[in-house]
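Because the structure is predicted, anything quoted here is derived from the model rather than measured. In what follows, chains are A, B, ... by sequence order, proteins preceding strands, each numbered from 1. Keep in mind that the numbers below use all heavy atoms, side chains included, and drop hydrogens, waters and symmetry copies.
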Amino acid sequence: MAKSPLIVFEHVTKWYSGNVIGLNQCSATIGKGITGLLGPNGAGKSTFLKLATGQIYPNIGQVSIFGVNPFANTGIFTKVGYCPEQDAFWSWMTGKEFLVNLSLVHGFSKKEAKDEAKRVLEIVGLDDARADRRIVTYSKGMRQRVKVAQAMIGDPELLILDEPFAGADPITRAYLGKVFEKLKKKGVSILISSHVLHEVEAFASQIKLIYRGRLLAEGPVKRIRQLIYDHPHRIFIKTKSPRKLAQHLIIEPSVSSVEISNGGKNSSLWVLSKNPYEFYRTLPKILIDTGIPVEEFQSVDDNLQAVFDYLISR
Amino acid sequence: MSRDIVEPEEARIYGIGYRSWKRSFQPNSKRFLFLTWEEIKLIARPRWPLYVFISLRLIFFIFEVLGILNAPPSGIPFEQYIPFKQFYFSRLINSGSPMLGLTDVLLVFYAGSSVLSRDRLSGAYSLYFSRPLTRLEYLAVKFSAVAFYVLSFTWLPAIYIYLALGSAYDFKPVDYLKWEYLQYLVAVLGYGLLIILLLTSFVLLLSSYLKKGWYVGVILVALPIVSSIVYSILVPLEVQNPSIYVGPFASSIYILAWFLDIDKTVLVENFGLFDATLITSVSYVGSMSASIILALIAVFLGVLFVRIRSLEVV
Ligand SMILES: Nc1ncnc2c1ncn2[C@@H]1O[C@H](COP(=O)(O)OP(=O)(O)OP(=O)(O)O)[C@@H](O)[C@H]1O
Ligand SMILES: [Mg+2]
């Protein structure tokens, strides 16, 4: 971890109107490098990032970024770039016009604003043909690229990106991922939120897990991956002969329990496995040996929500 | 089952890149002018209300100028017929400009009601407030844009009438610039500025509170109606200086009269303003009302600034 933290949260609590709690007594320190902020829907990721960029202010506690309180202290944005979760565009403009205008808001002169727009467009891989189209015509992936590009205006040292992959196509995801990796090599720090680990694990070095407005776990990506993949998985199997399959499964050492939910035609099994890796390996063998047809198969624990429920119940 | 494998593009980052970028920002005043101009363009973007307004005004002024040019009855020279300032005053009242007429109220409403709410709804707050731009600067941009836009509609007619009057009075070109006459133009422009600043700050304040633009419109139309009802109750009661009690809407005419130095008897006898018998003097009511308006502007702007400063981009 870096010696001088970029962002510090001290016992930060944030309520929204209607007594909804966004962040609850949250203390965290974000250092240099790429940090992934992970949590299921409604965990408080966006709240965290908005507090860090001074879009909102805490009810209790203190937030500092580069050593200053970010709220209404817009001077920090010479060093910080922010990509909000929601679409925020002047959508009647073309992508290029949008970025030129924002560069002007940033303080660049007319000529330099054009250069700056060109530079960030190149980084996110939007060519002229696409950059000269109106934003209203953009796909979700292109919008995300433009949104990330606007955060890079003014060459910030720290990028704060709220779910930049959300809704983006696989190509955009891969592309932006590569961009982040290269930025990291050039010494740019990034704080990026997501609700799936695999989106960020390739380039993030640190992960913070937040859940229900609190920091639940943090550490290097390797440790967090173990936490997530090494806990029991619940697996849903839809089959015409649930009883027969259950008999075969229950004797497996990797299976802790099997539950049959019998709804006539929609018979299905819920399997709880304490060693999912082993289970996923043996299941195909069992199915082939017994010849039981399976219509549907999914692990519901792929989503973070289940992992978090597991982590807090320990 | 076959599945397309999408090869991710390789990210390219060119040598224009990070860290080495030299920032040279333009002076804040230049940025301010640029942003204000952009905002004015935005205000004027839905073109049709603009065209309707301009054509209404134009038709009005063609009649107005024709009226001025045809006014001298039976060849009497103007100087003997009616003093210049009185004629100017009467024409301004007739044309409804730059009086606090319904047209101006509607124009301010059209220009100002969505200036802040537009940013709130489109998420553009986050675009401004994640840049090195202070909230005071943001507010100043919005305010100047609306005020300038509306002023252009208020000042131009006043200048236009001044010029038309001059030609009716057979001014030589140099006469237009004589302080003897020019003072009245300056007085009228100053009056217009006072009224527009009041309306602009009021509308911006409303639009920072109200979700929908037309709520602002309802309040704007309701205010003069309510104040004229109150006024019509006060007059038969023979309350002294009734217009002071109902605020800017009923008293603005006395401000204009005060600025142009037109006294009470003229208002009653030449303009049929019988309510003027109830006032102590034009200068008293005029100065009182102007002070009230200045105080209101200060209060509205103060509240608006506090609101924007503590505004959260949720
Ligand atoms: N503007 C708001 N008004 C009221 N409640 C809000 C508001 N924004 C967020 N919340 C609530 O605060 C909590 C945290 O929300 P937040 O948006 O920070 O979560 P998140 O982790 O970003 O979720 P997501 O993955 O859906 O983006 C949620 O319960 C949410 O309902
Ligand atoms: Mg979010």
Legend entry - A/Leu102 side chain reached by B/Tyr128 side chain, heavy atoms, under 4.5 Å: no

Inset, instruction - Flag the pair B/Arg31 / A/Leu104 as yes when at least one side-chain heavy-atom distance between them is below 4.5 Å, and no otherwise. - result: no

Given that the side chain runs from C-beta out, which part of [X] has a heavy atom under 4.5 Å from chain B: side chain, backbone, both or neither?
{"X": "A/Asp169", "value": "neither"}
{"X": "A/Glu181", "value": "neither"}
{"X": "A/Phe71", "value": "side chain"}
{"X": "A/Lys14", "value": "side chain"}
{"X": "A/Phe180", "value": "neither"}

Legend entry - Shortest non-hydrogen contact between B/Gly123 and A/Ala88, atoms and distance: O-CB, 3.3 Å

Inset, instruction - Compare every heavy atom of B/Val314 with every heavy atom of A/Lys50, then report the nearest pair and how far apart it is. - result: NZ-C, 3.4 Å

Legend entry - Point-to-point distance, once rounded to the nearest 0.5 Å, from NE2 of A/His106 to OG of B/Ser130: 9.0 Å

Inset, instruction - Supply the atom-to-atom distance B/Arg131 CZ to A/Thr78 OG1, rounded to the nearest 0.5 angstrom. - result: 11.5 Å

Would you indicate whether [X], at its atom [atom1], is surrounded by more than 12 heavy atoms from other residues, nucleotides or ligands within a distance under 6.0 Å?
{"X": "B/Trp37", "atom1": "CH2", "answer": "no"}
{"X": "A/Lys114", "atom1": "NZ", "answer": "no"}
{"X": "A/Lys110", "atom1": "NZ", "answer": "no"}

Inset, instruction - Output yes when a side-chain donor or acceptor of A/Thr74 lies under 3.5 Å from a complementary backbone atom of B/Leu133, and no otherwise. - result: yes

Legend entry - Side chain B/Glu312, main chain A/Tyr57, donor-acceptor under 3.5 Å: yes

Inset, instruction - Tell me, out of A/Tyr16, A/Trp90, A/Tyr82, who's got the most heavy-atom pairs with chain B below 4.5 Å. - result: A/Trp90

For [X], is it the side chain, the backbone, both, or neither that has a heavy atom closer than 4.5 Å to a heavy atom of chain A?
{"X": "B/Leu35", "value": "side chain"}
{"X": "B/Phe34", "value": "side chain"}
{"X": "B/Glu38", "value": "side chain"}
{"X": "B/Leu42", "value": "side chain"}

Inset, instruction - Mind running side chain to side chain contact (heavy atoms under 4.5 Å, CB included) on A/Phe89 and B/Leu127 for me, showing each step along the way? - result: CA-CA 8 Å; A/Phe89 295 115; B/Leu127 296 178; 5.8 Å; no

